[in-house]
Amino acid sequence: MKPAPTLSMAFLHPAGQLLPEPLAALRKQRGTALVDMPLPTRKTENWKYSSRHLKLTDDMAISLPAEGKTGSSLAVPGYKVAFLNGVMMPEASEYPDLSGIRIQSFGDLDDDEASELAQRLDDTLGGSDEKGAVQMARLNSARFEDGLLIRLKPGAALDQPLFIIHETSADASGSAYPRIFVDAGANSQITLVEEYISSGSEPAMVNTVTEVMAGEGANVTSIRLNMEGDNIQHIGATGVVQQRSSRFESHSVGFGGPLRRHDLRVRLEGEGAECKLNGVVATRDKQHYDNHTSIEHVVPHCNSEETYRNIAADQSHAIFSGRIHIHQDAQKSNADMNNKNLLLSNGAEIDTKPVLEIYADDVKCAHGATIGQLDEISLFYLVSRGIGRREANVLLTMAFINELVEQIPVEAVRETVQGRLSHFFEQTFLEA
Amino acid sequence: MLSIKNLHASVEGKEILKGINLEIKAGEVHAIMGPNGSGKSTLSQVLAGNEAFEVTDGEVVMNGENLLELETEERAREGIFLAFQYPVEIPGVSNMQFLRTAVNAMRKHHGEEEMNAAEFMKLAKDVSRQVDLDPAFLKRGVNEGFSGGEKKRNEIMQALLLQPKLAILDETDSGLDIDALKVVADGVNALRSQDRAILMVTHYQRLLNHIVPDYVHVLAGGRIIKSGGRELALELEEKGYGWLGIKDEATADNAAN
């Protein structure tokens with residue numbers, strides 16, 4: 001049997017110089033550990049639908065230069081940190097000195113801070129038996145060149161959303177590895193907006209990792225917008241660990257590409273913790289989008305609520321895999337997972353896979369998944385009022401996701417997202 | 001205004017309309033009565049342009065234009081309005097958004113400026129009061145969670161907003177209690193005008209007590225078998241469809257109850 005392909009040394013040991021010594025050492029160690037890592041194939045369960053879109057060519061082993069300017073496509077008020085090709089751009093960032101809150105690039109950490117961080121990196125994404133996803137996050141650990149550390153002291157609250165703009169500038173082929181680590185102390189509060197955009201037209205890959213440690217009573221909201229071009233492969237992982245009575249909310253909105261993959265893992269480790277995970281995906285042409293989520297109820301009395309919607313047009317392909325794991329001790333867990341899907345053409349494909357593993361006997365756990373098409377009678381009703389067919393299709397398609405878009409907590413982001421989704425569907429139905 | 005000649009239509013290969021002939025002039029109110037399964041709703045749907053029904057023969061001309069060649073939305077913009085027997089619930093699209101989009105589609109078609117949200121809100125609130133709907137319903141999803149009566153009033157409200165040339169009311173009286181019936185009838189009477197025609201499709205004649213038609217037609221087996229003035233409706237009420245030699249299971253059931 002032919003052995004599964006592995007990564008080259010160039011891929012695993014990049015040259016970057018920005019990191020303080022403890023983080024550089026960690027990175028080297030992670031790279032070495034991956035030498036024999038087999039790459040995901042069609043037979044890797046979690047990469048069944050996506051492995052054939054993963055193009056880890058030698059070109060992708062080249063680090064993209066972090067030169068030039070970045071600009072968000074969101075013209076909204078708030079604090080801003082800009083990253084270009086995985087490296088922070090201080091001149092394009094704007095945030096004040098706030099008491100109790102530190103926002104620092106990895107490159108600016110002193111050796112003690114870096115050493116402390118090095119000990120904690122990957123904690124939220126480790127210890128899983130699902131190899132494929134962890135491997136891709138570990139590839140980030142082997143190759144990150146910079147990163148953002150956000151630390152909130154107990155009780156600290158960020159008074160405005162923090163926008164983190166990750167631009168991949170693909171004037172040449174290569175890859176970038178943005179990294180965020182959020183350490184939210186007890187009863188702290190923060191809203192993050194992670195926006196992924198791109199410029200340039202060469203094939204490139206961005207591999208991102210965001211880790212969130214939510215302390216007791218902390219309240220963390222994360223909005224993730226995937227807006228990159230059709231030349232970008234995006235592989236992202238978000239790991240969250242929640243302590244007692246903390247709350248984590250995720251609102252993810254993404255448009256398809258040659259490869260879009262996001263793994264979101266939440267571990268509820270303290271009683272009374274709760275999480276809410278919302279996701280909206282829209283794909284068209286031959287685009288691909290693959291969301292994998294995993295929620296672990298480790299202790300009793302935690303709540304999780306998950307709602308994902310996929311809309312696939314043309315020959316595109318959207319995937320949702322949602323896992324809820326209720327550990328043996330996690331009595332009185334409440335878990336609700338819902339995934340609805342809308343196919344806009346005969347050539348589109350959506351795969352959905354809810355997985356529930358329940359080892360406790362006193363829990364409330366519900367899940368539902370549906371796949372459907374636009375309703376002909378609703379469409380007739382709208383056009384019988386003089387509304388054009390294209391506009392009616394857009395209205396009905398937006399209706400399928402409005403409930404989730406309306407929950408995005410930052411008004412300016414919500415309006416921008418609404419506009420972009422509408423525009424996306426207007427284009428989709430124009431060509432139909 | 002509307003001229004229907006020898007109209008044949010089928011659904012899933014089964015012929016429902018078997019040669020309808022009907023002339024409607026501006027300002028007139030026509031009622032089409034008939035037992036269940038006679039083709040009343042099919043006629044409404046075919047005129048509005050539901051593609052589930054296939055027109056196999058005949059013609060429909062409105063103000064000189066061949067209606068059957070127009071798309072559903074084009075018919076609406078030319079002035080056809082169908083009040084649905086079963087208005088559709090569309091969660092996720094607010095009534096406000098739906099109504100404003102429809103009104104602006106019409107205005108655009110007629111070369112008028114589109115209404116902004118504030119202008120439209122004022123208009124919509126006024127009209128919603130006219131049909132006794134709480135303006136708060138504008139924020140809810142289209143017909144979402146509405147009672148039967150509220151849905152029918154919403155249909156009439158749409159007619160009042162869109163000001164059609166021909167309003168087709170498909171069983172608008174079904175499922176209404178007497179108070180709701182009165183509100184709906186008032187709305188329809190407000191629509192009556194010299195340059196608008198109304199075509200009411202109904203099983204029972206009680207709506208005709210409130211909206212007095214100029215002409216009554218009896219539809220059975222896909223054809224109009226009798227036409228007359230409003231006295232025809234009263235005669236039907238008194239004698240039942242059996243009088244015309246028509247079997248009507250629903251009427252028979254009602255009589256048995």
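Note that these values count all heavy atoms, side chains included, but never hydrogens, waters or copies made by symmetry. Every chain is numbered from 1 and lettered A, B, ... according to where its sequence line falls, protein lines coming before strand lines.
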Identify every side-chain donor-acceptor pair in residues 389-397 of chain A under 3.5 Å, counting partners at least two apart or on other chains, and give the distances.
residue, atom, partner, partner atom, Å
A/Arg389, NH2, B/Glu73, OE1, 3.3
A/Arg390, NE, A/Glu426, O, 3.2
A/Arg390, NH2, A/Glu426, O, 3.4
A/Asn393, ND2, A/Arg389, O, 3.1
A/Thr397, OG1, A/Asn393, O, 2.7

* Within residues 123-152 of chain B, residues adjacent to chain A where the heavy-atom gap is under 4.5 Å -> B/Val142, B/Asn143
* Asked: Under a 4.5 Å heavy-atom cut-off, does chain A meet the side chain of B/Pro87, its backbone, both or neither?
  -> both
* chain B contact residues among residues 334-353 of chain A, heavy-atom distance under 4.5 Å -> none
* Structure fact -> Rounded to the nearest 0.5 angstrom, the CZ-CZ distance for B/Phe98 and A/Arg385 is 5.5 Å
* Structure fact -> Heaviest contributor of heavy-atom pairs below 4.5 Å to chain B, chosen from A/Ile401, A/Val383, A/Ile377, A/Asn402, is A/Val383
* Give, for atom CD1 of A/Ile387 and atom CG of B/Asn104, the distance between the pair rounded to the nearest 0.5 Å. => 10.0 Å
* **Separation between CG of A/Asp375 and CD1 of B/Ile90, rounded to the nearest 0.5 Å** => 8.0 Å
* Give me the ring orientation class for A/Phe380 and B/Phe84: parallel if the planes are under 30° apart, tilted from 30 to 60°, perpendicular past 60°. => tilted
* Structure fact -> Between B/Pro91 and A/Ala399, the two heavy atoms sitting closest are O-CB, 3.5 Å
* Relative to chain B, which of A/Ser378, A/Gly388, A/Gly386 shows the most heavy atom pairs under 4.5 Å? -> A/Gly386
* Could you tell me the separation between the OG atom of A/Ser384 and the CD1 atom of B/Ile168, rounded to the nearest 0.5 Å? => 10.0 Å
* **Within residues 7-16 of chain B, residues adjacent to chain A where the heavy-atom gap is under 4.5 Å** => none
* In terms of heavy-atom contacts, does NZ of A/Lys286 have more than 12 from other residues, nucleotides or ligands at under 6.0 Å? -> no
* Evaluate whether atom CD of A/Glu376 has more than 12 neighbouring non-hydrogen atoms of other residues, nucleotides or ligands under 6.0 angstrom away. => no
* With chain A, which of B/Leu161, B/Leu99, B/Ile80, B/Val93 has the greatest number of heavy-atom pairs at distances under 4.5 Å? -> B/Val93
* To do: Could you look at B/Glu51 and say if it's the side chain, the backbone, both or neither that has a heavy atom under 4.5 Å from chain A?
  => side chain
* Asked: Where on B/Glu78 is there a heavy atom nearer than 4.5 Å to chain A: the side chain, the backbone, both, or neither?
  -> neither
* To do: Any chance you could measure B/Gln158, atom CD, to A/Tyr381, atom OH, to the nearest 0.5 Å?
  => 4.0 Å
